[in-house]
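Here is the structure we will look at.
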Number of protein chains: 2
Amino acid sequence: MKNKYLMIYQQLVDLIKTGELKANTLLPSEHELKDQYDTSRETIRKALTLLSQNGYIQKVKGKGSIIIDVNKFDFPVSGLVSFKELAEKMGNTPKTVVHELTLEKPSDFIKQQLKLNNKDQVWKVVRTREMAGEKIILDKDYLVKKYVPELTEEICEDSIYNYLENELDLSISFAKKEIIVVEPTEEDRELLDLDGFHNVVVIKNYVHLEDASLFQYTESRHRPDKFRFVDFARRSHL
Amino acid sequence: MKNKYLMIYQQLVDLIKTGELKANTLLPSEHELKDQYDTSRETIRKALTLLSQNGYIQKVKGKGSIIIDVNKFDFPVSGLVSFKELAEKMGNTPKTVVHELTLEKPSDFIKQQLKLNNKDQVWKVVRTREMAGEKIILDKDYLVKKYVPELTEEICEDSIYNYLENELDLSISFAKKEIIVVEPTEEDRELLDLDGFHNVVVIKNYVHLEDASLFQYTESRHRPDKFRFVDFARRSHL
DNA sequence: CAGTGGTCTAGACCACTCC
DNA sequence: GAGTGGTCTAGACCACTGT
């Protein structure tokens, strides 16, 4: 981490999280911060913009930057969070079972979702996620082979996301998420502990790389009582 | 709209939407744009950052800004969208029925949600939203009276959001959204056309003002088959 | 009024991609 | 090597908040 504004951002996050900068007080002004960190005001402003976008402060014109009570945020804010990170953050021991791991010709549906040629092959991964002894989540991942040449059961039991970012150095850039509620399929009933529930929550994820190409489609199917999604929206100033 | 970067942003959005700037091609470079718009590069970059954050382009270092196929985005992207805007965008004629509009002492639950004193009063508004003849959404709004002194049935039938922003000049700054799935309550069964569905999707909304104070809590309860939520997440550079 | 954040400028150097 | 976006600087003026 060599970027000055990212370092300043991270230092301020730490100060807020530890409570050295108290909630509901004001951050030092941008002019003060620029002197403290010996940098330009625009660089400070980049750090503060990040803090604001991630829910740590609220900037008020003519007044200052109010520090927000960050301990209210009991759940990941937004962005791309993997099951493993998520479960660990909540203090649970996650268990992942791989039910299927195959390289195949994509179905028409997947071909359309991933905008593939006729000769593209895809990895299909089907996993269930267990928390507190119950199979809560059914994850179906489709990854384009030309981007991910190799995939093993070990990787899938750990975190595909980790493998892509750290091993393959594929940098995920943006994802479109869609949430809907549907009737359970036969597969859902078979692989999940549905426990009498009549619906499953489906999160469809379209994951893009840095060059804007689409390379992964994921369906995460949750038992409705164990599903929770939190999102922040803010009027953005730059 | 006097901000230069917002004007440039808006002009580029229009060019992309009308197809004058074609999807999967590159935007002119930042240096070219700075000359075209007779401005500085940082100002161009602010406009492009907005385009990127709103899903219109994908910036690639060393290459350029790729224009994304925007017609794929058939739903509002994120942020604070009112029911009225939403319904109109989808070409439906929305119908709103106000079931309750009272000024009352808040229940303990609401008092806690809105962090109120004992003497604060709140408006409670209960409305159903109808599309294509079916009552699909049950909206329960709680607004703190000290911010919203007056509220009428006409306002509630139109758009509370409009009234707050345009008439009262209350500027909404950020909102935290939480989505969960629950069993229908008696009230849900009574006021919605549940049509045999066993769950409702609850969107809880905590709305803050510019000065970071919390002034509105909303529960929007949807029939599961008519619920759809779309979200973009992106690695943000500034 | 002084102090704050919001916008804008005209440079500079770097890391990256493509040829 | 030429061109791209990413970062950074040291100023400037404005609109807004508080007193």
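Per chain, numbering begins at 1; letters A, B, ... match sequence-line order. Below, all heavy atoms of this structure are taken into account, side chains as well, without hydrogens, waters or symmetry copies. The model shown is predicted, which means the values in this text are computed figures rather than measured ones.
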Where does DNA chain C pair, written as one dot-bracket string 5' to 3', with Watson-Crick or G-U pairs under 3.5 Å, ( ) inside the strand, [ ] for crossing pairs and | for another strand?
.|||||||||||||||||.
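Contact annotation: B:Lys59 reaches the phosphate of D:dG6 (side-chain N/O to OP1 or OP2, under 4.0 Å). Taking 4.0 angstrom as the limit, B:Arg45 places a side-chain polar atom (N or O) nearer than this to OP1 or OP2 of D:dG6. The shortest distance between the side-chain N/O atoms of B:Ser29 and the OP1/OP2 oxygens of D:dT4 is below 4.0 Å. One finds a side-chain N or O of B:Tyr5 lying less than 4.0 angstrom from the OP1 or OP2 phosphate oxygen of C:dT7.
With sequence neighbours left out, B:Thr218 forms a side chain to side chain contact (heavy atoms under 4.5 Å, CB included) with B:Asp141, B:Asn205, B:Gln216. For the side chain to side chain contact (heavy atoms under 4.5 Å, CB included) test, residues two or more places apart in sequence or in another chain that qualify with B:Leu151 are B:Leu101, B:Trp123, B:Val125, B:Leu143, B:Val148, B:Ile155, B:Cys156, B:Tyr163. Legend: residues meeting salt bridge (charged side-chain N to carboxylate O under 4.0 Å, His left out) with B:Glu32, ordered by chain and number and at least two apart, are absent. Residues forming a side chain to side chain contact (heavy atoms under 4.5 Å, CB included) with B:Glu100 (at least two apart in sequence, or on another chain): B:Thr102, B:Glu104, B:Lys124, B:Val126.
Distance CG (B:Leu51) to P (D:dG5): 13 Å, rounded to an integer number of Å. Between A:Leu50 atom CG and D:dG6 atom C1' there is a gap of 13 Å when expressed in whole angstrom units. One atom, CG of B:Leu33, and another, P of D:dG3, lie 16 Å apart when rounded to the nearest Å. In this structure, the CG atom of A:Asp35 is 13 Å from the P atom of C:dG3, given to the nearest Å. Atom CG in B:Leu26 sits about 10 Å away from atom C1' in D:dT4, given to the nearest Å. Rounded to an integer number of Å, the gap from A:Leu48 CG to C:dT4 P is 13 Å. A straight line from NZ of A:Lys34 to P of D:dC8 spans 16 Å, rounded to a whole angstrom. Distance, B:Ile66 CD1 to D:dG5 P: 11 Å, rounded to whole Å.
Inspection of the B:Tyr9 and B:Gln11 side chains reveals no N or O donor paired with an N or O acceptor under 3.5 Å.
Between the side chain of A:Ser52 and the backbone N or O of A:Leu48, no donor-acceptor pair lies under 3.5 Å.
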Sugar-phosphate atoms are those with a prime plus P, OP1 and OP2; base atoms are the rest. Using that split, label each nucleotide of nucleotides 9-19 of chain C B, S or - for protein heavy atoms under 4.0 Å, 5' to 3'.
BB-B---BBS-
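The pair A:Arg41-A:Glu30 meets the salt-bridge criterion, with a side-chain N (NZ, NE, NH1 or NH2) lying under 4.0 Å from an Asp/Glu carboxylate O.
Between A:Thr96 and the choices A:Arg129, A:Arg127, A:Glu157, the side chain to side chain donor-acceptor pair (under 3.5 Å) rule is met once, by A:Arg129.
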A:Glu20 vs A:Thr18, side chain to side chain donor-acceptor pair (under 3.5 Å): CA-CA, chis, key distance, verdict:
CA-CA 6 Å; A:Glu20 283 176 72; A:Thr18 62; 3.3 Å; yes
